[in-house]
Amino acid sequence: MACAQRYLNKVVIVTGGSRGIGRGIVKVFVQNGAKVVFCALEVEDGKTLESALNKEGPGSCMFVSCDMTKEDDIKRLINVTVGQFGQIDCLVNNAGWHPPHKATDDTTAEEFKDLLNLNLINYFLASKYALPYLRKTQGNIINLASLVATIGQKHAAPYVATKGAIIAMTKAMAVDESQYQVRVNCISPGNVMTPLWKELASQTENSSATIKEGENAQLIGRMGTEAESGLAALFLAADATFCTGIDLFLSGGAELNYGFKSQVP
């Protein structure tokens, strides 16, 4: 017997949807009957994913090339979605980047400002322009934050700051939008195996050891998957109808228990 399609004919926008966690979210929503519009800078990756998922169904997807640091591109993404489908039921703000680890002393103001624009302001603007349509459908917003916003991370102060701001903005927006029955929630992933994780690991002295260390950071003893990220987003969109303003940890228990953490020689 086929599984029930939990988001049948709902219209979903996923930013940064061609790779990693975003790709996992696009796949799960398409598998559950949604009409997904996803965007990214990587045109070839986006077109390949679009073709593959439309063959598999049962939902459908459409790729839009988009630079989420540009306000006009964000407006175009919203307009294309509404022009194609007439509504928006869910916005998943996922586009962002984790730069290579760097000490505060070595980080410039311009690097911090650029990261704020990419990781935080794009979430705000996409929400701003999607909200008039989400209010009509009593839809929801899902923001991808990070576990490190809660527990901190070495040599990543700007990145951690952007993710902490996302959690705070999620709660504030949940308050504002409750009058329209629009729910606003976020997901804080721990270590999820993605192309970006592999890329960052490859920049270390021993990438295999770095990946193993990343796996061991979770009580469950492994990293999360793109598919599990998608299922978490689907839960918030389709099932968590009494949840707003929450931060869902997708962490494998990484925040629990004591560990060797001292940096004191």
Taking the side chain from Thr194 and the backbone from Trp197, do they hold a donor-acceptor pair closer than 3.5 Å?
yes
Under 3.5 Å, is there a donor-acceptor pair between the side chain of Asn185 and the main chain of Ile246?
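Yes; at least one donor-acceptor contact below 3.5 Å.
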Is Glu226 salt-bridged to Arg19, cutoff N-O under 4.0 Å?
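Result for this pair is no, no salt bridge flagged.
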Is a salt bridge present between Glu56 and Lys27, judged by a nitrogen-to-oxygen distance below 4.0 Å?
no
Transitive ILVMFWY side-chain link Ile88 to Tyr129, under 4.5 Å:
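Both belong to a single hydrophobic cluster.
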For residues Phe249 and Val92: do they belong to one hydrophobic cluster (side chain heavy atoms under 4.5 Å, members Ile, Leu, Val, Met, Phe, Trp, Tyr)?
no
Is Thr107 close to Lys102 at the side-chain level, that is, under 4.5 Å between some pair of heavy atoms?
yes
Using ring-ring contact (aromatic ring centres under 6.0 Å, His included) as the criterion, list what pairs up with Tyr123, not counting sequence neighbours.
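If we apply the ring-ring contact (aromatic ring centres under 6.0 Å, His included) test to Tyr123, skipping adjacent residues, there are no hits.
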Just do the side chain to side chain donor-acceptor pair (under 3.5 Å) check on Asn54 and Ser60 with the steps written out, would you?
CA-CA 5 Å; Asn54 282 332; Ser60 64; 4.8 Å; no
Check salt bridge (Lys or Arg N to Asp or Glu O under 4.0 Å) between Lys70 and all other residues, then give those that pass, not counting sequence neighbours.
Asp67
Looking at Lys47, Arg23, Glu42, Glu50, which one forms a side-chain hydrogen bond (donor to acceptor under 3.5 Å, both in side chains) with Ser18?
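Exactly one candidate clears the test, Glu42.
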Taking side chain to side chain contact (heavy atoms under 4.5 Å, CB included) as the test, write out the residues that go with Asp72, two or more places apart.
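Residues passing side chain to side chain contact (heavy atoms under 4.5 Å, CB included) with Asp72: Lys75.
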